[in-house]
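Read the structure below first, then the notes.
Everything numeric in this text was worked out from a predicted model, so none of it was measured. Below, chain A is the first sequence line, B the second, and so on; all start at residue 1.
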Protein chains: 2
Amino acid sequence: MSARLFSFVAGDSGAWRIVELRAIVGATLAPAARLEVVNAPLEHAVQAWVLRGVTSNERYVRHDERRQLVDRQPVLGRAQATCATLIPIRKSDAWWGLSQDERRRIFEERSRHIETGMRYLPAVARRLHHCRDLGTPEPFDFLTWFEYAPADVGNFDRLLRELRDSEEWAFVEREVEIRLAR
Amino acid sequence: MSARLFSFVAGDSGAWRIVELRAIVGATLAPAARLEVVNAPLEHAVQAWVLRGVTSNERYVRHDERRQLVDRQPVLGRAQATCATLIPIRKSDAWWGLSQDERRRIFEERSRHIETGMRYLPAVARRLHHCRDLGTPEPFDFLTWFEYAPADVGNFDRLLRELRDSEEWAFVEREVEIRLAR
């Protein structure tokens with residue numbers, strides 16, 4: 001496996017307790033008690049479900065935006081960040097059929113995806129995983145993992161609302177929200 | 001497997017005869033007699049090597065460029081296109097560490113990758129496969145497959161020379177050229 005591959009394994013064991021699992025758009029995922037994030041070959045025999053994705057190069061971020069992100073984005077695993085949310089998303093064929101400049105225009109110039117996320121830094125740490133080009137049929141295109149302190153739940157809720165109200169989200173055809181605690 | 005996954009299987013059998021296989025930059029691949037292009041689960045037991053990649057959304061092409069490409073690019077499998085070339089490429093960490101706008105600037109504004117390819121349409125048909133995000137350790141980032149008629153070999157050679165002379169190619173740390181005939 002690639003060192004950039006992460007598996008999100010839901011079942012009866014794992015460091016994270018699944019507090020809530022609900023579909024936002026489209027079909028939901030099976031309920032489960034716990035979730036483990038695995039960055040190694042999978043040895044879990046029985047589980048409710050496994051989602052896989054790779055971290056990769058940035059697809060839309062510009063040089064100036066990246067400088068700001070690097071300055072402000074926190075690492076994962078902070079002691080106080082005992083809340084996490086996993087959000088698997090699938091976008092429509094209409095999205096993937098757009099050219100790069102059309103996707104960037106919707107993503108940032110019109111939907112302010114990067115700018116919105118930036119306003120919640122350093123409260124909300126985030127890691128994006130890509131599933132679309134794994135070479136296997138995957139139910140989602142992206143898995144985004146967020147970590148934050150209990151005091152920032154309200155901020156995190158606002159971040160999700162702002163993104164879901166954007167033009168970009170019209171291209172989301174499946175989205176599940178999995179709230180976790182450790 | 002994803003419907004977008006293609007395997008390039010080199011060994012003793014296959015529709016394409018390997019005419020020449022040589023390293024342009026970095027390590028070469030093992031020699032083999034023939035190559036098969038497979039868009040189905042692999043059943044080949046013994047082979048010299050297998051390279052895999054997925055077709056995907058465009059990463060740099062703009063709307064106006066795409067319109068021109070769609071108008072001019074030929075399909076694969078034309079009867080007269082009895083020559084093919086497979087070019088696996090790996091780019092450096094320095095390339096992947098650049099932001100999207102920096103990569104686009106080098107790729108097109110300074111290296112004219114799209115414009116150069118366009119000048120050889122419709123003579124040279126092309127399909128790009130991505131390997132970097134397959135989730136398995138892959139020796140290359142891209143596999144490009146080209147098809148053309150014997151009369152266009154000189155044009156194809158010129159296309160490769162022009163691309164290899166570009167600033168973008170300074171980021172190529174491994175490249176193999178596999179010439180084929182059927």
Testing B:Glu168, B:Glu167, B:Glu115 for salt bridge (charged side-chain N to carboxylate O under 4.0 Å, His left out) with B:Arg110, which one passes? B:Glu167
Evaluation steps, side-chain hydrogen bond (donor to acceptor under 3.5 Å, both in side chains), between B:Asp141 and B:Trp95: CA-CA 11 Å; B:Asp141 293 330; B:Trp95 174 262; over 6 Å; no
Salt bridge between A:Glu108 and A:Arg62, side-chain N to carboxylate O under 4.0 Å? no
Between B:Glu177 and B:Arg179, is there a salt bridge with N-O shorter than 4.0 Å? yes
Quick check on [X] against chain A: is it the side chain, the backbone, both or neither that has a heavy atom closer than 4.5 Å?
{"X": "B:Arg103", "result": "side chain"}
{"X": "B:Arg66", "result": "side chain"}
{"X": "B:Arg4", "result": "side chain"}
{"X": "B:Leu5", "result": "side chain"}

What class does the angle between the rings of A:Trp169 and A:His113 fall in, given that below 30° is parallel, 30 to 60° is tilted and above 60° is perpendicular? tilted
Passing candidate, ring-ring contact (aromatic ring centres under 6.0 Å, His included) with A:His129, options A:Phe8, A:Phe142, A:Trp145: A:Phe8
Between [options], which residue shows the highest count of heavy-atom pairs closer than 4.5 Å to chain A?
{"options": "B:His130, B:Arg132, B:Glu138", "answer": "B:Arg132"}
{"options": "B:His63, B:Glu58, B:Arg52", "answer": "B:His63"}
{"options": "B:Val54, B:Leu134, B:Thr136", "answer": "B:Leu134"}

The interface call for A:Glu102 against chain B, heavy-atom contacts under 4.5 Å, is side chain
